[in-house]
Visitor: 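The structure's right below; bear with me while I get my questions together.
Here the structure is a predicted model, which means the values were calculated and not measured. Heavy atoms only: backbone and side chains are in, while hydrogens, waters and symmetry mates are out. Read the numbers this way: they start at 1 and go in the same order the structure lists the ligands and their atoms.
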Amino acid sequence: MTVDSTAPSQPAIENLLAERRTFPPDPAFTAQANAKASLYEEADRDFEAFWARIARERVDWTKPFEQTLDWQLPFAKWFIGGTLNISENCVDRHVKQGLGHKVAYHWIGEPGDTRTITYADLLREVQKAANALKELGVKTGDRVAIYMPMIPELPVAMLACARLGAAHTVVFGGFSAEALAGRINDAEAKVLITADGGWRRGKATPLKPAADEAIANAPTIEHVLVVQRLGDAAETSMTEGRDVWWHDIVGRQPETCSPVPVDSEHLLYLLYTSGTTAKPKGIVHTTAGYLVGTSFTHEMIFDVKPDDVYWCAADIGWVTGHSYIVYGPLANATTGVLYEGTPDTPAWDRWWQIVEQYKVSILYCAPTAIRAFMKQGEEHPAKHDLSSLRVLGSVGEPINPEAWLWYQQNIGGGKTPVVDTWWQTETGMILITPLPGVTTTKPGSATFPFPGIEADVVDNEGRSVPLGGGGYLVLKRPWPAMLRGIYGDPERYQETYWSRFPGMYFAGDGAKRDEEGYFWLLGRVDDVMNVAGHRISTIEVESALVDHKKVAESAVVGKNDPLTGQAIFAFVILKAGVEPSDGLGIELREHVAKVISPIARPKFLMFTPDLPKTRSGKIMRRLLRDIAEGRTLGDTTTLADAGVVDAIRERSGAAEE
Ligand code: 7RM
């Protein structure tokens with residue numbers, strides 16, 4: 001992995017730290033909170049004993065584990081000797097305890113159709129789907145690829161695999177046929193579960209043609225199980241002998257299917273994620289530790305209670321959906337919202353209408369969504385009664401203090417705790433986060449490592465940086481939901497995560513701790529610029545720009561510069577109704593100089609209608625750097641909307657200061 005050779009310097013975080021307001025927990029919230037400050041002390045005394053207690057309390061074991069942890073750096077095994085079935089833990093045990101009538105998911109389809117799935121429904125559907133997979137030849141240890149829109153059959157399919165001890169690999173429905181084929185081939189999946197399509201912004205969006213195209217280059221696939229979501233709205237061709245309709249085969253299955261107890265370390269799923277190389281990595285997650293880590297963090301960090309209505313607005317195709325729409329919440333018998341649509345269809349108040357209608361009490365989403373809402377204006381949330389909300393979460397990227405405050409004020413009514421949760425596909429569970437009711441928050445800071453987690457900020461040589469300084473974020477101790485490797489490539493696992501700083505997991509993120517020990521995530525280290533020897537975080541400049549009242553969103557990259565090494569290039573999206581002008585460009589540059597320092601003043605500033613983002617909403621700075629430096633574009637396969645790049649390119653003539 002390539003990283004910059006020096007750690008971010010102190011001036012790089014002045015802007016984030018300039019937001020000095022703190023938010024102590026409301027005593028009324030603390031009085032009822034799941035999380036207690038004593039968790040930190042318990043975990044500090046003996047982190048293995050801490051996780052062992054949680055694992056004993058939370059999991060229904062078929063056979064109890066004998067040893068908590070086997071740590072052969074960097075290879076961890078947790079809860080050794082235990083056996084369990086995760087689908088049984090997520091579904092059966094709740095029904096046995098009398099919660100069969102409880103809603104597992106309020107599903108909301110994009111055109112407005114809805115379904116209510118209780119835990120009893122889920123149990124029946126999972127067993128039938130598992131029986132169908134068996135009929136298609138799926139056995140314990142096999143891999144099954146899943147390529148679906150956000151419909152109830154998606155979590156059902158995942159749990160059905162897990163019931164049989166088969167691993168799933170979910171591929172986000174927005175990915176191309178090529179990306180799907182690459183993942184199927186790497187995983188050597190035997191069956192593909194897909195749908196005729198889904199609904200997106202009012203349009204029927206077929207999926208089966210891409211699935212067919214992928215399978216043409218994916219010889220391991222023996223059968224395709226197809227959910228009918230679009231019906232007559234799509235023309236779907238089925239290949240005789242290979243493809244079967246879900247409603248045909250699942251519909252006629254017996255309603256019971258015994259869960260297969262598997263070893264704690266049995267492969268639960270693979271999830272592919274892009275790193276610094278072209279080939280996505282198959283991140284390996286196993287069963288018991290993942291269940292323990294996701295369910296416990298979910299209950300503590302979101303303060304989930306039996307009556308809550310919890311909505312994680314991610315797509316299940318990403319790790320956030322795996323951990324915090326499917327496994328964590330279901331293990332906790334939570335009632336969740338599952339939404340097929342987008343925030344802007346039919347109108348920009350769609351989310352708030354859903355919150356009002358379903359009395360959503362916990363909302364978990366990404367800063368990019370929050371900034372999109374900010375751009376549209378607070379009148380949209382203001383139209384709805386959002387008083388049911390009591391906890392707000394953020395994930396996926398650093399949240400700038402302005403967005404944090406907007407979220408808390410306009411969505412949380414100024415009263416809810418906001419939990420900014422840092423984690424990764426690789427970590428499986430949230431690792432740095434406030435605990436609502438316990439932690440005094442600072443807008444823009446993910447605050448502290450979760451109990452039992454040892455995080456540190458180190459310099460280039462791996463030495464811990466004293467409080468007040470910045471460097472690289474590392475983890476110094478294993479945690480239950482951690483990745484167990486990269487599928488089929490133990491060396492790459494070691495090399496990618498454990499070689500930069502020997503003995504430590506290197507997350508690829510820069511971080512800073514303030515004098516009080518609060519963690520401030522500064523973005524990927526490759527997004528940190530070096531301008532005339534000064535290290536400046538792209539997020540910090542973005543934050544300063546977004547802090548200006550006319551700016552909706554911005555992305556900042558370092559452009560090669562013969563004089564200063566790198567020069568700051570800012571792409572800026574203005575708020576609706578604001579016109580770009582040369583004068584405004586100067587004003588914004590001065591604003592950054594004022595907020596951070598003259599060394600952070602962007603040399604280039606370009607107004608743009610949109611930014612290139614991955615399908616999970618992350619700004620593709622690499623592409624922006626290519627544009628800034630006038631290069632031919634590299635790989636754009638993960639770009640959500642290729643037209644954005646052309647639109648920006650057309651304007652790039654006018655960029656220079
Ligand atoms: C959950 C998820 C991981 C990368 C990670 C960071 C960034 C995620 C935060 C964050 C600052 C946060 N998984 N990231 N959460 N940065 N504050 N709260 O996003 O594998 O897709 O991405 O996302 O750079 O390394 S992920």
Side-chain angles (χ1 to χ4, degrees), residues 1 3 8 13 16 170 172 175 270-276 280-283 285 293-294 297-298 301 312-325 328 364-371 392-401 403-404 407 418-434 439 441-450 453 455 457 470 472-475 481-483 486 496-497 500 505-512 518-528 537-540 542-543 613-622 638:
M1 176 177 240
V3 295
I13 45 69
L16 284 176
V170 179
F172 173 58
F175 272 130
L270 301 174
L271 188 59
Y272 286 82
T273 186
S274 32
T276 47
K281 304 171 284 203
I283 301 301
H285 282 293
T294 56
T297 49
H298 179 254
I301 296 165
C312 168
D315 192 288
I316 291 177
W318 309 117
V319 74
T320 303
H322 281 60
S323 298
Y324 297 108
I325 297 178
Y364 190 32
C365 69
T368 188
I370 298 164
R371 290 193 299 265
L392 299 178
S394 170
V395 61
E397 41 177 332
I399 180 165
N400 45 300
W404 194 106
Y407 193 30
V418 173
V419 289
D420 172 10
T421 63
W422 178 90
W423 59 297
Q424 309 176 296
T425 305
E426 291 88 339
T427 69
M429 61 191 253
I430 296 167
L431 293 189
I432 303 182
T433 178
T439 312
T441 52
K442 300 184 183 182
S445 167
T447 74
F448 303 108
F450 189 79
I453 304 304
V457 174
Y472 302 103
L473 180 67
V474 294
L475 301 162
M482 68 188 278
L483 78 165
I486 295 175
T496 307
Y497 303 105
R500 178 70 181 79
Y505 172 91
F506 173 45
D509 281 13
K512 142 95 192 176
Y518 282 72
F519 283 73
W520 298 77
L521 280 308
L522 298 172
R524 305 294 301 191
V525 282
D526 31 18
D527 294 336
V528 176
S537 156
T538 52
I539 171 72
E540 183 194 13
E542 288 164 11
S543 200
K613 288 188 184 151
T614 64
R615 293 175 176 102
S616 62
K618 291 190 169 54
I619 293 168
M620 296 183 77
R621 289 202 180 70
R622 181 178 51 75
T638 53

Visitor: Under a 4.5 Å cut-off applied to non-hydrogen side-chain atoms, are Met482 and Tyr505 in contact?
Guide: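 Answer no - side chains too far apart.
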
Visitor: Minimum distance, heavy atoms only, to atom 15 (N) of ligand 1: which one of Ala314, Gly396, Ser394 is it?
Guide: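 Going through Ala314, Gly396, Ser394 one by one, Gly396 has the nearest heavy atom to atom 15 (N) of ligand 1.
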
Visitor: Within the 4.0 Å heavy-atom shell around Thr421, which atoms of ligand 1 are there?
Guide: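 Near Thr421, the atoms of ligand 1 are 9 (C), 12 (C), 15 (N), 18 (N).
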
Visitor: Using side-chain heavy atoms (C-beta onward) and a distance below 4.5 Å, is Glu542 in contact with Glu397?
Guide: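 Contact flag for Glu542/Glu397 side chains = no.
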
Visitor: Just go through Val395, Val319, Leu473, Thr425 and tell me whose heavy atom is the nearest to atom 20 (O) of ligand 1.
Guide: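 Selected option, by shortest heavy-atom distance: Thr425.
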
Visitor: Could you give the distance from CD1 (Ile283) to OG1 (Thr427), rounded to the nearest 0.5 Å?
Guide: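 Taking CD1 in Ile283 and OG1 in Thr427, the distance rounds to 10.5 Å.
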
Visitor: Can you tell me how far OG1 of Thr441 sits from CZ of Phe448, rounded to the nearest 0.5 angstrom?
Guide: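 Here the rounded value is 10.5 Å.
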
Visitor: Looking only at non-hydrogen atoms, which of Pro398, Pro367, Gly393, Gly510 approaches atom 16 (N) of ligand 1 most closely?
Guide: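 Going through Pro398, Pro367, Gly393, Gly510 one by one, Pro398 has the nearest heavy atom to atom 16 (N) of ligand 1.
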
Visitor: Please state which part of Gln424 comes within less than 4.0 Å of ligand 1, counting heavy atoms only: side chain, backbone, both or neither.
Guide: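 Both the backbone and the side chain of Gln424 come within reach of ligand 1.
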
Visitor: Under a 4.0 angstrom heavy-atom cut-off, which atoms of ligand 1 come close to Thr320?
Guide: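 Ligand 1 atoms under the 4.0 Å threshold to Thr320: 1 (C).
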
Visitor: Determine, step by step, whether Thr421 and Tyr364 satisfy the side chain to side chain donor-acceptor pair (under 3.5 Å) criterion, reporting the C-alpha distance in whole Å, the side-chain angles of both residues, the deciding distance to 0.1 Å, and the verdict.
Guide: CA-CA 10 Å; Thr421 63; Tyr364 190 32; 2.6 Å; yes

